[in-house]
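Structure first, then comments.
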Amino acid sequence: MLTTPFCDKIPKWSCVRRINVLKERYDFKEIEGKWQKYWEAENLYTVPDFSQRPKYYCLEMFPYPSGKLHMGHVRNYSIGDVVARFKTMKGYNVLHPMGWDAFGLPAENAAIKHGNMHPAEWTIDNIDTMREQLKQLGISYDWNREIATCHPGYYKWTQWLFLQLYKHGLAYKKKAAVNWCPSCATVLANEQVKEGSCERCKTIVEKRELEQWFFRITNYADRLLDDIKLLEGWPEKVKIMQENWIGRSEGAEIHFPIEGLEESFTVFTTRPDTVYGVTYMVLAPEHPLVEKIIDDKPQAAEIREFVNNVRNLSEIARTATDAEKIGLFTGGYCINPMNGEKVPILVANYVLLEYGTGAVMGVPAHDQRDFEFARKYNLPIRIVIQPDGPDLDPDTMAEAYSGDGKMVNSGPFNGTPKEEGIKAVINYLEEKKLGRGVVNFRLRDWLISRQRYWGAPIPMIYCPQCGVVPVPEQDLPVLLPGNVEFKPTGRSPLADSPDFVNTTCPECGKPARRETDTMDTFMCSSFYYYRYTSPRDENAVWDREKVNGWLPVDQYIGGVEHAILHLLYSRFFTKFLYDVGLIKNIEPFTNLLTQGMVLKDGAKMSKSKGNVVSPEEIVATYGADTARLFILFAAPPERDLEWSDQGVEGCYRFLHRVWRLVAPMSEELLKAPSGFDGKPAGVNREMRRLTHATIKKVTEDTGNRFNFNTAVSAIMELVNGLYQYKELPETDRDPAVMREAVEHLLILLAPFAPHITEELWAGIGHRDSIHRQPWPEYDPEAIIEDEITIVVQLNGKVRERVLVPADITPDKMKELVLAQPRVQNMIEGKQVVKVIPVPGKLVNIVVK
RNA sequence: GCGGGCGUGGCGGAAUGGCAGACGCGCUGGACUUAGGAUCCAGUGGGGUAACUCCCGUGGAGGUUCAAGUCCUCUCGCCCGCACCA
């Protein structure tokens with residue numbers, strides 16, 4: 001399935017040796033198909049692993065093969081293709097691969113829906129369709145490196161990497177309350193739950209106590225956070241999102257002994273300086289000590305009911321902002337270790353077991369949430385931080401005070417300022433072994449088990465004798481069984497497949513059972529960009545020399561929806577792979593471009609809104625070059641793009657315009673000299689100036705700023721200029737100037753519209769691909785102007801324009817401008833306060 | 001609530017603090033044409049004028065500056081992300 005169909009009937013490049021005869025009319029249908037075949041037959045986009053040229057790794061996020069390409073894909077891959085083609089022409093050895101994120105639920109759901117269609121069949125059909133579409137778009141992928149994560153040759157290494165993580169203690173199994181999507185019939189990672197709902201199907205997620213596999217991404221929390229500063233080529237927005245997601249906070253853990261029990265519980269607080277202000281204590285309803293505390297209390301029944309209610313609530317109901325904060329007294333007390341005070345213990349719905357320690361100290365005077373809670377339940381409020389100014393009064397204060405101040409009512413710490421107090425209390429806690437300073441992260445371990453079939457099986461075996469045993473590496477891959485049934489039972493087909501489940505223990509050889517969960521597909525996509533460097537290697541996950549030669553990815557391009565999920569997981573994997581010596585880079589993606597969405601009528605294209613424009617139809621009607629050009633021209637890449645059928649027409653017209661400019665003069669251009677005798681002057685000089693100014697602008701906009709829209713507009717201006725130039729009497733024109741302009745026009749346009757430019761390039765006598773031409777350098781001499789028009793401002797308002805020599809000095813500029821009769825008129829009777837010359841631009845005269 | 005982004009013609013969008021509106025779409029007029037939804041030419045922010053580089057104009061209000069769409073302060077509106085995080 002991964003071999004690219006090879007057409008042996010295609011004529012070789014050598015057949016183009018004859019001069020291509022250009023038709024009168026631009027016929028994209030003929031041109032695009034023709035060149036796509038040539039490119040493929042000539043392996044034009046095959047890239048060697050090692051080269052004298054400097055490397056450049058240009059990567060676009062690989063798609064899930066959902067059926068057909070949508071406009072978002074077209075945008076993503078058009079952007080990537082411009083970058084790849086540009087860098088190639090700039091002299092880089094460019095790795096530009098494509099593959100398929102091919103495991104996942106839709107395939108399995110389709111299998112259930114369509115009876116006996118195997119997910120593999122569905123997936124492969126889709127891959128074939130989408131690969132064909134990508135080829136029709138003329139994207140310059142090296143298809144020899146194509147991968148699909150559902151291929152055993154790939155998921156063998158997914159499993160192998162799982163084993164490496166396991167070996168290093170980073171994969172573990174634990175029982176936990178996890179997110180369960182009833183519709184997808186599987187658990188989800190925290191990152192895959194948005195506002196309490198399943199990210200994929202929007203079903204409200206439930207909590208279930210299950211034993212599941214996790215990756216210890218939290219071990220890397222500090223490095224993932226610290227190294228964000230290395231990501232200079234990433235959008236600020238994405239970095240901030242990751243920072244927030246990791247959610248580092250410094251504080252302290254404090255142990256509070258429970259009265260009448262030999263146990264204590266621990267709270268996490270960022271404000272240990274307020275510990276003398278504790279007037280109550282709150283445990284999460286699921287906190288393991290709740291049962292022990294209430295056991296002998298009269299409140300026990302009531303609390304149990306409350307705990308059950310909260311436990312059964314969906315995440316969304318529980319965490320809604322407007323959810324009422326409900327707390328109940330347990331009847332139990334704990335002791336504040338700082339001052340020996342007896343403090344009532346409550347349970348409340350707003351305390352989350354998963355964050356910190358699942359227990360919170362209530363300091364109503366200095367925490368707004370505690371304050372509101374205390375007011376509601378008439379709990380005492382005690383001031384322990386006093387700012388400069390009038391004394392805070394617990395009875396009259398309207399909100400908590402969380403600012404700076406000095407500690408009061410705090411025994412030996414009285415008078416210590418807040419920040420110092422935090423440190424002092426932590427020191428004291430550590431000295432007396434009552435607690436310690438800690439850093440807490442919001443990030444939680446990555447839950448990777450999925451109770452579904454269409455994923456990479458987790459390579460573990462459960463032996464009654466030996467316990468949990470990893471599958472030996474030489475036994476990989478653990479293959480998905482072929483003959484299973486897909487029924488809407490909500491159970492994984494793997495669990496119902498005896499052939500798969502029953503195995504023998506690799507250690508003792510006795511009967512044992514396989515793990516039947518598969519891995520989160522984000523695992524598959526966390527390392528695919530490494531695998532592209534050794535896509536067919538059967539003996540190693542990749543070749544060290546190749547992977548270290550290519551990585552890191554120089555430019556990564558994709559949707560911002562992966563700001564956390566895929567990009568954080570990939571960073572985690574990268575750090576792990578670095579630690580175990582499999583790679584040498586510590587971050588995977590040097591530069592990241594997050595492209596905006598494609599909108600229609602102001603909304604994201606979606607079937608339900610009925611505003612979908614199909615790439616298929618656009619390509620069929622206008623051709624790939626038009627589709628690409630429009631999508632690149634309509635907006636800068638990071639911004640959302642509003643689809644416009646009329647805009648597409650405009651780009652189509654433009655390509656026709658290019659055709660009509662070049663095709664009729666191909667004979668003339670063939671005869672034109674390719675160099676200059678002497679310096680072009682007059683109109684010819686102007687034409688050359690435009691040509692070289694365009695080279696400059698397109699090079700900057702494409703290479704440095706990724707503003708493809710302005711690059712395209714510059715090319716359009718060049719075309720407009722060429723049309724004017726063409727209209728001049730033949731005796732005034734210089735064929736060499738024309739030739740230079742047209743050739744450069746085609747080269748500059750080539751990364752955007754690769755087919756038409758290739759055809760015209762061949763049509764004006766070239767025998768090699770335009771996509772193998774070096775990117776032109778502009779001639780600084782050519783863009784120098786002799787005379788420029790500068791603006792004369794009077795108090796900042798434009799009043800006059802003056803033609804001056806381009807190399808005029810500022811002083812001379814002043815002089816010349818002031819000498820203008822019109823300027824003389826304007827300033828007559830007024831006092832000239834100041835004259836500000838801006839070289840090359842303007843002179844501003846300030847008068848009173 | 002916190003964080004980020006964005007407000008410019010009829011529309012998509014251009015403008016290292018230096019001529020606001022490049023380029024494209026749309027629209028208006030004209031040419032060519034049996035025809036035009038092809039192509040070419042001209043015009044196209046608003047207002048005023050016989051005319052003119054006359055006035056106004058980048059969501060709103062201030063400020064900095066010789067000069068502000070651009071920098072600063074406040075404010076309004078929209079979009080996105082996170083959200084009882086202790």
Side-chain angles (χ1 to χ4, degrees), chain A residues 25 194-196 235-245 247-249 251 267-271 274 282 284 318-325 348-352 354-363 367-370 372-373 440-443 560-561 563-564 596-597 599 602 629-630 633-636 638-651 653-654 656-657 660 697 701 707 709-720 723 727 789-801 822 826 833-847:
Chain A
R25 217 183 126 72
K194 300 267 141 131
E195 290 171 2
E236 214 51 38
K237 178 194 167 92
V238 174
K239 291 195 274 188
I240 289 166
M241 283 169 73
Q242 292 216 350
E243 229 172 271
N244 293 342
W245 189 262
R248 182 182 201 271
S249 58
V267 300
F268 172 74
T269 178
T270 53
R271 292 293 305 274
T274 64
V282 199
R318 185 162 169 195
T319 60
T321 319
D322 50 358
E324 199 190 351
K325 289 180 184 51
N349 58 351
Y350 73 86
V351 178
L352 308 171
E354 303 86 43
Y355 186 76
T357 57
V360 181
M361 60 185 213
V363 186
D367 179 283
Q368 187 57 21
R369 194 186 40 199
D370 293 349
E372 285 163 22
F373 191 75
N440 195 45
F441 291 95
R442 213 187 69 108
L443 181 72
V560 74
E561 65 272 17
I564 309 271
M597 290 185 295
L599 310 178
L629 194 68
F630 168 72
F633 175 61
E638 327 75 47
R639 224 190 283 186
D640 286 350
L641 181 153
E642 176 69 27
W643 186 265
S644 156
D645 290 331
Q646 286 169 331
V648 177
E649 295 267 1
C651 289
R653 275 206 292 271
F654 169 72
H656 275 280
R657 202 167 142 76
R660 286 195 316 271
K697 170 105 178 120
D701 287 357
N707 279 7
N709 55 330
T710 52
V712 173
S713 80
I715 296 171
M716 287 172 168
E717 285 178 88
L718 176 59
V719 171
N720 292 343
Y723 263 93
E727 288 309 305
T789 305
I790 60 159
V791 160
V792 182
Q793 292 184 337
L794 196 70
N795 289 342
K797 286 183 182 169
V798 182
R799 281 297 123 101
E800 177 70 305
R801 273 155 231 271
R822 277 189 54 92
M826 287 188 293
V833 181
K834 218 193 246 184
V835 180
I836 297 140
V838 182
K841 295 252 162 70
L842 52 77
V843 175
N844 191 11
I845 304 165
V846 186
V847 295

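Note that the structure is a prediction, hence the values are computed from the model and not measured. Numbers restart at 1 for each chain; the letters A, B, ... are given by sequence-line order, proteins then strands.
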Nucleotide-resolved protein contact map, nucleotides 20-26 of chain B, B/S/- at heavy-atom distance under 4.0 Å: --BBSSS
Distance-only donor-acceptor test, A/K325 side-chain atoms vs B/rC84 base atoms, 3.5 Å: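 Counting by modelled atom types and ignoring angles, a donor-acceptor contact under 3.5 Å is found here.
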Counterpart residues, side-chain hydrogen bond (donor to acceptor under 3.5 Å, both in side chains), relative to A/D640 (two or more places apart):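 Per chain and number, A/D640 pairs via side-chain hydrogen bond (donor to acceptor under 3.5 Å, both in side chains) with no residue.
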Residues which pass side-chain hydrogen bond (donor to acceptor under 3.5 Å, both in side chains) with A/E372, listed by chain and number, not counting sequence neighbours: A/Q368
For [X] and [N], is the shortest distance between a side-chain N/O and OP1 or OP2 below 4.0 Å?
X	N	result
A/R639	B/rA14	yes
A/R660	B/rA38	no
A/R799	B/rC19	no

Identified pairing partner of B/rA61, criterion: Watson-Crick or G-U wobble below 3.5 Å: B/rU73
Nucleotide nearest A/V838 when distance is taken to its side chain, options B/rU39, B/rG18, B/rG81: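 Side chain of A/V838 sits closest to B/rG18.
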Minimum-distance nucleotide to A/A634 side chain [options: B/rA86, B/rC19, B/rG12]: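 For A/A634, the side-chain atoms sit closest to B/rG12.
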Closest contact, heavy atoms only, A/K697 versus A/A714: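 In this case the closest contact between A/K697 and A/A714 is CG-CB, 3.6 Å.
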Polar side chain donor-acceptor pair, A/N720 to A/R657, under 3.5 angstrom: yes
